[in-house]
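See below for the structure under consideration.
Chain letters run A, B, ... following the sequence lines, proteins first, then strands; residues in each count from 1.
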Amino acid sequence: MFSAPKGIPEYFPPTSASFLAVRDTLAESAKRAGYGYIELPIFEDTSLFKRGVGESTDVVTKEMYTFEDRGERSVTLRPEGTAGVMRSVIEHGLDRGQLPVKLFYAGPFFRYERPQAGRYRQLQQLGVEAIGVDDPALDAEVIAIADAGFRALGLAGFRLELTSLGDSQCRPAYRSLLQEFLFKLPLDEDTRRRAEVNPLRVLDDKRAEVRELVAEAPLMVDHLCDECRAHYEAVKGYLTELGVKFTENPRMVRGLDYYTKTTFEFVHDGLGSQSGIGGGGRYDGLMEELGGQSLSGVGFGLGVDRTLLACQAEGLTPGDVARCDVFCVPLGDAAKARLVSIAGALRAAGVRVDLAYGGRGLKGAMKAADKSGARFALVLGERDLAEGTIGLKELATGEQRSVPLADVVTAVQDAL
RNA sequence: GUGGGUGUAGCUCAGCCGGUAGAGCACUGGGUUGUGAUCCCAGGUGUCGCGGGUUCAAGUCCCGUCACUCACCCCA
């Protein structure tokens, strides 16, 4: 027997309805702020991610699905969305018109990691990018879109963590300062290596003994240059204007190299170890790094799988689990032929309709009607056909009335 | 890549000190011939993850292996 590749979640009814609802609700939030949809390749030139995401990140060094195609080109299944968006923006000159360019995307991303709760090798993300205007109000807008999307789903148990990572002006100096501090500590070999490659990550260590060691470490937020400081303060101000609550977490770290200044993460406590349901920030040098003009951008990626898990943890089932509005129950072949055409007419009129196939008995057909989640059943037998009527039954109340066969479409529409 | 836990029906699981398998749910049919959710009755399914070992006898004990899962790491 075949099984799905390791670490890949599959969604089927009824859960798939919630999956779609989560994705579409988050997308709707982006559309409301004027973001347009962009559909991108699932795989790209490997060097795009190496350049964009950063050679030293774990994502690039050990988590990419990289292979050679038949033309001996090295390609990689996209591990994240921003690099591809930037590539497309540059390639098609989308940044030559009015700025900012506001885009959103949705779909699967791939990382070769050991699977666990909420961590998959094929993950579904919805993301937005606002490119070309370095306005802190835009950072706040992006954050507010995610916040509004989560709220629209009914989620309440999440929080927003915020910090600033500085920029090319102030981060290098801070980085050296932090390394100087870290190298004096009695760190194990692994952690020491991390201090060399990505010192900020040591601040985010989960182990209590390490946390204690770095408790007095210098923090980026205390060493921001004037420009970054002003930017950060402005973002916080706009968020407050927008009514978006946040907590500052100066030890927050991002796994992708391109982030600068504003950085944020949405965290939900009902998910176990993988608690981040979305994250993002500003990326000032990325576009230039990828060969475009020097424009900044800000965006996020939200985990659709994890957001769905968060909904489930809060007892929410977004989306309509009912498969149809009307379920047709035929008694006999003549009635079945008639109901097949009625079902077609109703569907053409926009009603969701299913029918009891397979020659089931009346009892079985009614049972199927009940399971379908339909509000109404249409029951048709020889007697009704002779009278020229059809039974319209409201399943919740059990009330049934006869309506003329000729008027069935309008009768159903009125009832709904 | 490193650890821990678990593999028995489609799903959730029970199966004691070894004696060749069970429940609930789900599914199908029936409870007078045209009405669902509750109730009652009936019905089927398992290479007990796989391979080896111990034993008269292994779902049960031992070893290996694979898969799943949780955590580290990393991140959505």
Side-chain angles (χ1 to χ4, degrees), chain A residues 1 3-9 22-23 26 53 57-64 78-82 106-127 146 150 158 190-191 193-194 198 201-202 204-207 210 252-256 264-268 271-280 299-310 327 329-332 335 356 358 360-385 390-400 402:
Chain A
M1 200 164 76
S3 55
K6 189 183 177 77
I8 300 187
V22 167
R23 193 191 65 190
L26 297 175
V53 177
T57 59
D58 281 13
V59 168
V60 168
T61 55
K62 47 192 193 194
E63 296 176 4
M64 294 208 302
R78 59 184 187 184
E80 60 94 54
T82 304
F109 296 86
F110 305 85
R111 292 180 199 171
Y112 191 86
E113 299 180 272
R114 194 83 174 264
Q116 78 186 65
R119 186 170 78 185
Y120 308 114
R121 290 186 171 182
Q122 177 175 314
L123 53 122
Q124 298 283 341
Q125 248 179 285
L126 180 130
F150 291 139
F158 67 90
D190 234 38
T191 312
R193 200 173 312 121
R194 219 180 305 156
N198 194 344
R201 188 165 299 294
V202 180
D204 199 31
D205 201 298
K206 283 181 184 173
R207 292 169 296 183
V210 179
M252 184 170 59
V253 173
R254 302 269 76 206
L256 314 179
F264 57 91
E265 190 167 317
F266 287 86
V267 180
H268 196 283
L271 298 187
S273 185
Q274 306 301 317
S275 56
I277 55 175
F300 64 60
L302 307 183
V304 177
D305 310 277
R306 287 188 188 173
T307 303
L308 177 56
L309 290 173
F327 197 92
V329 177
L331 293 155
R360 315 178 58 147
L362 177 62
K363 183 170 178 158
M366 286 305 295
K367 219 171 188 171
D370 187 48
K371 291 269 157 59
S372 76
R375 271 186 67 196
F376 292 96
L378 279 173
V379 185
L380 186 66
E382 306 296 326
R383 293 205 307 247
D384 312 280
L385 276 176
I390 186 168
L392 178 62
K393 179 170 187 168
E394 179 157 15
L395 290 163
T397 61
E399 279 170 47
Q400 181 168 339
S402 283

Fill in the blank from the handout: Across all chains, not counting sequence neighbours, the ring pair (Phe, Tyr, Trp, His ring centres under 6.0 Å) partners of A/F110 are none

Practice task
Using the test ring pair (Phe, Tyr, Trp, His ring centres under 6.0 Å), find all partners of A/F150 that sit at least two apart in sequence or belong to another chain.
Solution key: A/F158, A/F266

If I pick the [atom1] atom on [M] and the same atom on [N], what distance separates them, to the nearest angstrom?
N	M	atom1	result
B/A23	B/U55	P	35 Å
B/C66	B/U45	C1'	25 Å
B/G18	B/G52	P	23 Å
B/A76	B/U6	C1'	27 Å
B/A67	B/G29	C1'	38 Å
B/G7	B/G15	P	10 Å
B/G24	B/C61	C1'	30 Å
B/C27	B/C72	P	39 Å

Practice task
Under the side-chain contact (heavy atoms from CB on, under 4.5 Å) rule, collect the residues that match up with A/R201, sequence neighbours excluded.
Solution key: A/R194, A/N198, A/V253

Fill in the blank from the handout: A/S3 meets the side-chain contact (heavy atoms from CB on, under 4.5 Å) criterion, sequence neighbours left out, with none

Exercise for the section: Report, as a single string ordered 5' to 3', how protein heavy atoms within less than 4.0 Å touch nucleotides 69-76 of chain B: B base, S sugar-phosphate only, - not at all. Expected result: -SBBBBBB

Problem - Contact letters for nucleotides 35-50 of chain B, in which S counts primed atoms plus P, OP1 and OP2 and B counts the base, heavy atoms under 4.0 Å - result: BBB-------------

Practice task
Check for a donor-acceptor pair, side chain of A/T307 on one end and backbone N or O of A/G303 on the other, with a separation under 3.5 Å.
Solution key: yes

Partner residues of [X] under the salt bridge (Lys or Arg N to Asp or Glu O under 4.0 Å) criterion, sequence neighbours left out:
X	answer
A/E63	none
A/R193	A/E189, A/D190
A/R375	A/E394
A/K367	none

Problem - By side chain to side chain donor-acceptor pair (under 3.5 Å) - contacts of A/E265 (at least two apart) - result: A/R254

Fill in the blank from the handout: Output field dot_bracket for RNA chain B (Watson-Crick or G-U, both distances under 3.5 Å, | for other-strand pairs) contains (((((((..((((.....[..)))).(((((.......))))).....(((((..]....))))))))))))....

Fill in the blank from the handout: Shortest non-hydrogen pair, A/G391 vs A/D384, comes out as N-OD1, 4.4 Å

